[in-house]
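All remarks here apply to the structure that follows.
Position 1 is the first residue of the sequence, and the numbers go up from there. For ligands, and for the atoms within them, numbers begin at 1 and follow the listed sequence. Computed from a prediction, not measured in an experiment: that's the story for all the values here.
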Amino acid sequence: MTPGALQGVRVLELGPYVALPLTGRILSALGAEVIKVETNSFMDVMNYIPHYEAGVGRPEYEILKRRVSLNVNHPEAKAVMEKLVRASDVFITNFRQGVLKRWGIDFPALKEINPDLNIVWQTGAGEGKPYNGFKFYGMPSQHVGVSSMTGFEDEVLSATNTSYSDYHCGLYNVLVVISSLLAQRRTKKPTFAETSIFKSAACTLGPAVLDYQANHHIPVRRGNRDRFFAPHNAYQCSGEDSYCTIAVRNDEEWQSLCAAIGQPALADDPRFATTAARFDNADPLDELISAWTSQRTRQEAMDTLQKVGVPAGIVAKGEDFARDAHLKERNLFREAIYFRPDQTKPGKEWQPGSRKSIALSVPIGLSETPCRYDERMSRLGEDNDYVYGQILGITPQEIKRLADAGVLS
Ligand SMILES: CC(C)(COP(=O)(O)OP(=O)(O)OC[C@H]1O[C@@H](n2cnc3c(N)ncnc32)[C@H](O)[C@@H]1OP(=O)(O)O)[C@@H](O)C(=O)NCCC(=O)NCCSC(=O)C(=O)O
C-alpha cells in the first residue's frame, strides 16, 4: 500500500464526541497512526449511539484508529499514559484543564514527559474571560454563528441539526497538527495550540461580520432566499417530497436559466433584470420557476440546468443520499462490516458481524499519497496488545496484570 501523507506520525487522542474524534479520523486517513484512549466506563458516546453495537467503533470515526482501553483514573494508569505520551508526536484532547491535571497530564506535565510533543487542546471557548472553562456542545456554541441567521423568519431559532462548529473545529485541529509538524521540522520546537468550537462557529459568519461593521446590517432570517443570489430557493418537483435547489448569482446565469426553461423573454422582463430586482420580486420569480420544476423530476430539473451552467442540486435525504451515484462513484461511501468477538472461542477471534454499515471516507483525493481506507470496525481494547506490547514494549505478562487490575479497562 502506498504510504499516506502522514506516514510515520503518531497521534495520541484523548477526548469524546464529534470534533476531536473527527480530527483523529482525518489524520488516520492521511496515514498517521492514531491511538485513541478510552475507558469502558466512559466510552466515547459516539461509539455507542443506539444504532451501533456497544463498544464497536462508529464507522466514520474509529475505523482506522488503534483503540486502546485505559482507565486514566486508576492510580497505575499514569505510568502507562506517560509511555503513550513519550511514544507520540502529537497529543490531541478536548478535556478541560482541571480534568487533565487530575490525571497528571496537564500541559506542563506533558512537556516534561515529552519535550517534543505537539499539543492540540480543543476547548469550548478557549482561555480568557468571560468564557474560560465553559463547556460547549455544538448547539450552544453555534448561537454566535450561522444558526442565528438561517431558517425562516417566524422560527424562534433555526437549529441547524448538525453541529457544524464541531466539523469546522475538527478541520482546524487537523490544520494545526499539520502546521505544527511542518514548523517543527524547521524550528525543532513543538507547538502548543488552543482551538475552540465557539470561535470556530463565529468564523462561519463570513461576510455578515463585515456587513454589520460597515453597514450596520443585522442579518435577518430569509428562509432560502439570499440578497446576493436570485433565484435562490428549493423548488417543488414532480413526485412527493421532491425538491431541486437553484442558486443564480448573476445575470448571465439568469439568462441561461430563462433559455433552459423555455422562457427566453423573461430575461428582458424589467422585474427580473438584475439580482436586486429579482430579489425584490422573489415571489413571482419563484412562482415562475416552480411552474417549470413541478413538471419535472428533481433529477431532470438539476440536469437541465447544470447543462447550461446554472447551479442546481437535488434535495437528497436518507436513501437518496446513501445511494447518490456520484458520491458512490467517488468512493465516499464504502460498505464496512462490523466485527464482533466469537463468543464460542477463547481469546480474540473476530468474526464478521451480520450487519453492514455505510462508512464515510475522507472527501479528498491525494495523487501521491492516497488516503487510507479500512473495512474493519475496531472495537475498544482491540489494539491493546499491539499498542501496549509492540509500541510501548510492555510484556504480555504485564499487560495481563494491568488488565486484571482494571488499569486497561
Ligand atoms: C467535551 C466536554 C463537553 C466534556 O465535558 P464533561 O462531560 O464535563 O467531561 P469531563 O471533561 O469532566 O470528563 C468526563 C468524565 O469522564 C472521565 N473519563 C473520560 N475518559 C476517561 C478515561 N479514559 N479513563 C477514565 N475516566 C475517563 C473523566 O474523568 C470524567 O469523570 P468524572 O469527573 O468522574 O465525571 C468538555 O470537556 C468541553 O467542553 N470540552 C471542550 C469543547 C468540546 O470539545 N465540546 C464537545 C464538542 S463535540 C459536540 O459538541 C457534539 O458532539 O455535539
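Note on ring orientation: taking the six-membered ring where Trp is involved, the planes of Tyr131 and Phe198 are perpendicular (angle over 60°, cut-offs 30° and 60°). Taking the six-membered ring where tryptophan is involved, the planes of His232 and Phe229 are tilted, since the angle between them lies from 30° to 60°. Ring planes of Phe136 and His143: tilted class, angle from 30 to 60°. The aromatic rings of His168 and Tyr172 sit tilted, their planes meeting at an angle between 30° and 60°.
Aromatic rings from Trp121 and Phe91 are positioned such that their centres are separated by 6.0 Å or more. For Phe192 and Phe107, the distance between ring centers is under 6.0 angstrom.
Residue Asp166 holds the heavy atom nearest to atom 49 (C) of ligand 1 of all those in Val37, Val18, Thr93, Asp166.
If you number the atoms of ligand 1 from 1 as listed, the ones under 4.0 Å from a heavy atom of Gly124 come out as 41 (C), 42 (C). Within ligand 1, counting atoms from 1 as listed, the ones closer than 4.0 Å to a heavy atom of Asn71 are 24 (N), 25 (C). Close approach of ligand 1 to Thr39 is summarised as follows: ligand atoms under 4.0 Å from at least one heavy atom of the residue are 21 (C), 22 (C), 23 (N), 24 (N), 25 (C), 26 (N), 27 (C). Heavy-atom proximity to Phe136, at under 4.0 Å, picks out these atoms of ligand 1: 39 (O), 42 (C), 43 (C), 45 (N), 46 (C). In summary, the atoms of ligand 1 found under 4.0 Å from a heavy atom of Ile197, numbered by their order in the structure, are 45 (N), 47 (C). Ligand 1 places these atoms under 4.0 Å from at least one heavy atom of Thr123: 41 (C), 42 (C).
Among residues at least two apart or in separate chains, salt bridge (Lys or Arg N to Asp or Glu O under 4.0 Å) pairs with a member in residues 234-243 are Asp241-Lys317.
Taking distance alone, with nitrogen or oxygen atoms compared against 3.5 Å, Arg96 approaches ligand 1 more closely than that limit. Taking distance alone, with nitrogen or oxygen atoms compared against 3.5 Å, Asn94 approaches ligand 1 more closely than that limit. Distances between N or O atoms of Leu70 and those of ligand 1 include at least one value under 3.5 Å. Note: an N/O pair closer than 3.5 Å links Val72 and ligand 1 by distance alone. Remark: ligand 1 and Glu38 share no N or O pair separated by less than 3.5 Å (distance only, no angle test). Note: an N/O pair closer than 3.5 Å links Gly138 and ligand 1 by distance alone.
Here the closest heavy-atom approach between residue Ala19 and residue Asn173 is recorded as O-ND2, 4.3 Å.
Annotation: cation-pi pair Arg66/Tyr386 present, NZ/CZ under 6.0 Å from the ring centroid and within 45° of its normal.
At least one heavy atom of Val99 sits closer than 4.0 Å to an atom of ligand 1. The closest approach between any non-hydrogen atom of Arg102 and ligand 1 is below 4.0 Å.
Every side-chain contact (heavy atoms from CB on, under 4.5 Å) that Pro219 has, sequence neighbours left out, goes to Met149, Ala208.
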